[in-house]
Amino acid sequence: MKRLLKFGFIANRCFLFILIFFLYGCSPKIVQSLQTQTDMTKLSSTLKIVSLNPLLTFERINDETVLNPEDYNGTEIEAKMIQISSNQLVNKNFNVVNPEEIENGQFDEQFSRLQKMSSKLSVGYLSPEAKEILKQLSSFDENLVILSQYLYVKVGQSGTWNAYSGAITSSNSSSLLKVSLVQCNGEVLWKNQVLLRQIPNLNDEKFKESLDILYSTLPKIKED
Amino acid sequence: MLQKSLKVVVTSIILMMVFSCGTVKKAIYSLPDFPPSTLSEIIILPPVDLRVDKKINVNLERQIRKASERAIVKKGYNVTTSEDFGADNQILEEDLKTSNSDWIKQLGPTNSRYVMVLCLVDVVSKLTFGSTANAEVAGYLYDKESGNIIWRDKGVGKTGQGGLIGMATKGLMDEDAIALALNNLLASIPKKPK
């Protein structure tokens, strides 16, 4: 009886160990890459940061069918991205200005054109068209810096388990968050990107963590 | 009665199998009315690594280019490889989707016409109670003379095995997933008519 109990205890521990291992393996990992940071002296409180609204793209992984972000709480995700980026910029002593404050909204159209280019702008890639818009903006104020944010979600299939063959698969959905600070003279002051291997979910800690990581490398400006 | 329904089920399965073997996967994009017989020679350029997460070492030459070359040759096309990418290969995934004709015309050797660019978009393997891997590849076939995309598609591969066997074979999973993704990608290239 005693031996049986001991065996039960060991089996129980083994099962727990396997369960923890399994759950650890199932949790998505966050990957951060492509960090660029300019010379700190170029980042000063004289810079005026204008945040473009984040661009969200949701598509099916296997055929690139564009999906409606609203089916994945796109508006809430966008609001969260704006909130986190604003907080981070303020915490790091950046001078954040509203696009409306600039020349009575004269640049609204340009900002909206730039926002549509966020997929490239957020990795610091400037197309000739983007360069032209930035040039126009710099003629108004050379201290303007554009914060560009992009969320690219690939919606894949969920994981499977075949009870007969023992074959398993894991989900292949992913969210790529990209952000950059580009000065109107075309210089990329800072950029970062974070990959999370799951669909964004505001209630999920991993997604919140990904957003925090995205801005974690943004340097703090020394107060004058 | 039972015999009759069994017959219907078996016939449906056979029909499904026949149709699934006969059809070619539909590509994300293929140039309308482009006859595959006009593809005299396809030149496969050095594969592009578009991954954000580059933790897994991948032999792009062997796992992507050579494997694709074999599969496309099997479909009846004349395929060669070139080390000369021609244009700038520091590109974004979306640049390839919306390639402009100037960029296309710079690709590959100067005297080439049909060039293929293959990209590894992602590969990841995971250890759970077993192991799994996912891969994503993309392919583009360009006509340098007209500056057009002829074919563009994507392939995804998912694989995995539960239990101790799966855990022990984790190292092989990513390669398996890439092979599956490549197979899925090239399935939309039709066989060249003789």
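The sequence lines fix the lettering, A, B, ..., with proteins before strands; numbering per chain opens at 1.
In this structure, chain A has no heavy atom under 4.5 Å from any part of B/Arg51. In this structure, no portion of B/Asn184 lies under 4.5 Å from any heavy atom of chain A. The contact between B/Lys55 and chain A is made entirely by side chain atoms (from C-beta outward), counting heavy-atom distances below 4.5 Å. If you measure heavy-atom distances from B/Gln161 to chain A, the contacts under 4.5 Å come from both the backbone and the side chain. Using a 4.5 Å cut-off between heavy atoms, A/Ser171 contacts chain B through its backbone alone, with no side-chain atom that close. Of the atoms belonging to A/Ser165, it is backbone heavy atoms, and not side-chain ones, that fall under 4.5 Å from chain B.
The 12-atom threshold is exceeded at CG of A/Leu202, counting heavy atoms of other residues, nucleotides or ligands nearer than 6.0 Å. Annotation: B/Lys75, atom NZ; neighbour count of heavy atoms from other residues, nucleotides and ligands within 6.0 Å is above 12. Summarising the local packing, NZ of A/Lys208 is surrounded by more than 12 heavy atoms from other residues, nucleotides or ligands at distances under 6.0 Å. Within a 6.0 Å sphere centred on NZ of A/Lys135, heavy atoms belonging to other residues, nucleotides or ligands number 12 at most. Within a 6.0 Å radius of CD in A/Glu142, no more than 12 heavy atoms belonging to other residues, nucleotides or ligands are found.
Of all the listed residues (A/Ser170, A/Gly156, A/Gly166, A/Gly159), the one sharing the greatest number of non-hydrogen pairs under 4.5 Å with chain B is A/Ser170. Top candidate by heavy-atom pairs under 4.5 Å with chain A, chosen from B/Val156, B/Val121, B/Thr159, B/Ile28, is B/Ile28.
Annotation: the span from A/Glu64 atom CD to B/Lys154 atom NZ amounts to 4.5 Å, rounded to 0.5 Å. Taken from NZ in B/Lys25 to CG in A/Asn62, the straight-line distance is 8.0 Å, to the nearest 0.5 Å.
Salt bridge absent: A/Lys154 and B/Asp122 never bring a charged side-chain N and a carboxylate O closer than 4.0 Å.
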Practice task
Check the pair A/Asn172 / B/Glu136 against side-chain contact (heavy atoms from CB on, under 4.5 Å), numbers first and verdict last.
Solution key: CA-CA 9 Å; A/Asn172 56 354; B/Glu136 194 185 334; over 6 Å; no
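For the pair A/Arg197/B/Asn134, no side-chain contact is recorded, criterion being any heavy-atom separation below 4.5 Å from C-beta on.
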